[in-house]
Amino acid sequence: LVGLAGWLYLDWPAVSAAVASRGGAELARAVALLLVLTGIAAASVAIADRLAIRWDLSPAQVHSVQERTKEILSSLETDLTLTGFFVADGDAIERSHRARWQALAEAFDAASPRLTTRTIDPDVQRHDADLADVRSNGVVLVSAADRTERLFAPDEQSMLNAVLRVAAARDRTVYLTAGSGERRADDTGRTGLSQLAARLRALGLGVQDLDLLRTDRIPEDAAAILLVDPSTPLSSDAAGRLAAWVQADGALLIASERGRPTGMEPHLSRWGLALADAVIVDPLVRAVVGDATTPLVAEYGVHAAVRGLRSPALFSGATPVLPVEQDPRQLTVHVLARTSELAWGETEPAGELIRGEDDLPGPLSLLSLAERHPEGEPAGLVVLAGDADWLSDPALQQLGNSDLAIRVIGHLARQADLVRLPPREMGSGMLEMDWMARVLVGLCAVLLVPGACFAAGAGIWMWRRRL
């Protein structure tokens with residue numbers, strides 16, 4: 001700019017003569033017109049950013065939020081941040097998740113000045129992902145002050161309810177059963193769950209013990225209950241209270257070692273779950289670590305609780321989880337994590353680990369989830385694992401165990417939705433026009449657009465002839 005100003009000052013007579021000429025005048029007018037159009041465009045962008053007016057012309061309004069969501073978000077009195085961790089260069093499913101998140105983020109951001117949204121690629125911005133303790137794709141953090149809630153590939157309703165829970169500072173507590181020799185959250189030893197408790201507290205969840213021998217009711221703030229490897233089975237009364245709580249839309253995780261009954265077995269069969277009398281043998285793991293009874297997760301399920309997980313988790317001496325036939329109108333069982341096809345369930349683990357005719361063929365379920373939905377309404381969740389060591393402190397420091405544990409328990413710890421949005425009416429996705437619309441589109445394409453171009457050219461030709 002200084003050099004240009006100096007040139008204009010030193011050579012002003014030549015510049016003024018050039019501007020006064022016919023060609024110079026046309027050039028000056030063109031430059032002035034360009035500057036005016038640039039100013040108009042800049043002002044339009046600034047006004048659009050300030051007013052945040054959006055038009056969603058898709059048939060099902062998939063790029064905007066519902067009116068009920070807009071009303072709730074516009075009344076927020078707390079500043080919140082929505083941070084989405086979505087890879088940019090993933091497969092088709094991962095790209096669709098990122099596109100859906102970006103559309104939701106823009107719609108939420110436009111609905112309330114209290115909301116701020118960010119998108120982070122965990123593969124590129126690894127430092128930010130590590131600080132947020134994010135190791136998988138599709139994670140959304142809803143944060144306000146010292147409270148954070150973690151979601152996984154959320155839709156509009158789940159994200160709205162997370163915003164409301166964080167803004168209202170609603171307490172949620174995960175209870176670990178006690179009184180029957182279960183593993184404890186304050187134990188820092190080889191079988192302790194202190195690392196798991198610390199991770200849950202970092203997510204804004206409370207962690208407390210629940211002695212079923214001393215209390216006859218489940219606390220009202222219980223978001224989920226964990227029954228981890230009791231040394232003695234629960235009494236029938238305690239097991240009945242847990243079962244009744246699940247029936248009333250509670251969430252329960254059961255993790256036990258082979259040969260150690262939990263006391264919940266009679267209820268598990270009603271929830272479509274059972275543990276086989278076998279030990280999982282994985283020859284692929286034997287080739288790596290030398291112990292075939294430490295199976296590795298070869299594939300995660302399609303359920304939302306594990307969607308987007310990448311790192312495999314490691315189990316130890318696990319018992320296969322078997323499905324029990326139930327009425328599909330009342331109950332659905334999902335396999336969350338399974339072994340490879342080469343693994344099998346060894347029914348005689350005391351002998352040599354060689355696959356026999358009586359063994360269970362792979363792939364086998366390491367972790368299964370039962371969802372109760374009588375009459376189509378959600379009514380309780382149960383997760384069953386035939387291994388408790390995968391939740392222990394040493395295991396959480398290996399591979400993807402920590403992420404799997406947090407994802408599963410985080411899904412169980414969801415609270416009943418504060419707001420239920422009506423489902424969108426999805427159209428066929430085809431553009432349908434009546435005869436008048438087709439005539440107008442034809443006239444526009446055949447006459448209006450070419451005619452406008454011809455008229456503009458003719459006008460410019462006539463204007464230049466008069467110069």
Side-chain angles (χ1 to χ4, degrees), residues 85 129-130 132-139 141 148-153 172-177 182-209 222-229 251-257 262 294-301 303-319 321 334-339 365-370 381-414:
F85 294 82
D130 290 340
D133 199 14
V134 173
R135 297 184 178 87
S136 60
N137 184 57
V139 177
L141 301 182
T148 299
E149 181 156 337
R150 184 170 301 220
L151 304 174
F152 307 96
R172 299 177 300 154
T173 303
V174 174
Y175 284 91
L176 280 75
T177 61
E182 297 93 336
R183 302 194 182 189
R184 299 177 58 83
D186 57 359
D187 183 1
T188 58
R190 186 178 60 85
T191 61
L193 305 178
S194 62
Q195 294 289 333
L196 177 63
R199 290 288 308 277
L200 293 175
R201 292 189 180 104
L203 296 179
L205 293 168
V207 179
Q208 295 186 25
D209 289 337
I225 295 178
L226 311 184
L227 174 60
V228 183
D229 192 27
L252 174 66
L253 181 144
I254 302 174
S256 65
E257 294 292 308
T262 62
T294 55
L296 197 67
V297 174
E299 182 183 12
Y300 290 107
H303 193 271
V306 293
R307 186 181 303 143
L309 286 179
R310 297 180 177 182
S311 300
L314 192 66
F315 288 66
S316 177
T319 297
V321 181
H334 304 270
V335 176
L336 300 182
R338 58 171 58 89
T339 67
S365 172
L366 293 161
L367 197 65
S368 291
L369 166 68
L381 301 174
V382 178
V383 170
L384 179 62
D387 174 38
D389 288 334
W390 72 284
L391 294 171
S392 64
D393 290 353
L396 290 190
Q397 300 175 13
Q398 300 179 12
L399 300 176
N401 285 52
S402 178
D403 211 20
L404 174 61
I406 294 303
R407 288 287 297 269
V408 171
I409 298 174
H411 182 78
L412 292 178
R414 92 277 183 262

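Both backbone and side-chain heavy atoms feed into the values below; hydrogens, waters and symmetry mates do not. Quick note: residue numbers are just sequence positions, from 1.
Sorted by first and then second residue, the salt bridge (Lys or Arg N to Asp or Glu O under 4.0 Å) pairs with a member in residues 389-412 read Arg183-Asp389; sequence neighbours excluded.
Residues Glu257 and Thr262 are not in side-chain contact: their nearest non-hydrogen atoms beyond the backbone lie 4.5 Å or more apart. Here the side chains of Val383 and Leu367 are in contact, with some heavy-atom distance below 4.5 Å. Counting heavy atoms from C-beta on, the side chains of Leu151 and Val139 never come closer than 4.5 Å. Here the side chains of Leu366 and Arg338 are not in contact, with every heavy-atom distance at 4.5 Å or above.
Residues satisfying the ring-ring contact (aromatic ring centres under 6.0 Å, His included) criterion with His303, sequence neighbours excluded, are His334, His411. A search for ring-ring contact (aromatic ring centres under 6.0 Å, His included) contacts involving Phe315 returns Trp390, not counting sequence neighbours.
With rounding to the nearest 0.5 Å, the separation of CG in Asp187 from CG in Leu176 is 11.5 Å. Of the inter-residue distances, the one linking Glu182 atom CD with Thr177 atom OG1 reads 3.5 Å to the nearest 0.5 angstrom. Taking CG from Leu336 and OG from Ser368, the interatomic distance works out to 6.5 Å, rounded to the nearest 0.5 Å. Rounding to the nearest 0.5 Å gives a distance of 12.5 Å between CG of Asp229 and CD1 of Ile254. Atom OG of Ser311 sits about 12.5 Å away from atom CD of Gln398, to the nearest 0.5 Å. Put simply, CD on Gln195 and OG on Ser392 are 10.0 Å apart, with the number rounded to the nearest 0.5 Å.
Tested against Tyr175 for a side chain to side chain contact (heavy atoms under 4.5 Å, CB included), the candidates Leu227, Leu226, Ile225, Val207 yield a single pass: Ile225. Screening Leu404, Leu253, Asn401 for a side chain to side chain contact (heavy atoms under 4.5 Å, CB included) involving Leu391 leaves a single residue, Leu253.
Closest non-hydrogen pair, Ala223 versus Ala251, comes out as O-CB, 3.9 Å. The shortest heavy-atom contact between Val321 and Ala385 is CG2-CA, 4.3 Å. Across all their heavy atoms, Ala255 and Asp387 have their closest contact at CB-O, 3.5 Å. In terms of heavy atoms, Leu399 sits closest to Pro312 at CB-O, 3.0 Å. Closest heavy-atom contact between Gly189 and Pro394: O-CD, 4.4 Å. Residues Ala129 and Phe85 approach most closely at CA-CE2, 3.9 Å, considering heavy atoms.
Between the side chains of Thr173 and Gln208, no donor-acceptor pair is found at a separation under 3.5 Å.
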Item to complete: Let me see the working for Arg184 and Thr191 under side-chain contact (heavy atoms from CB on, under 4.5 Å), right down to the final yes or no.
Response: CA-CA 9 Å; Arg184 299 177 58 83; Thr191 61; over 6 Å; no
Item to complete: Using the side-chain contact (heavy atoms from CB on, under 4.5 Å) rule, take Val297 and Thr339 through it: C-alpha gap first, then chi angles, then the decisive distance, then the call.
Response: CA-CA 5 Å; Val297 174; Thr339 67; over 6 Å; no
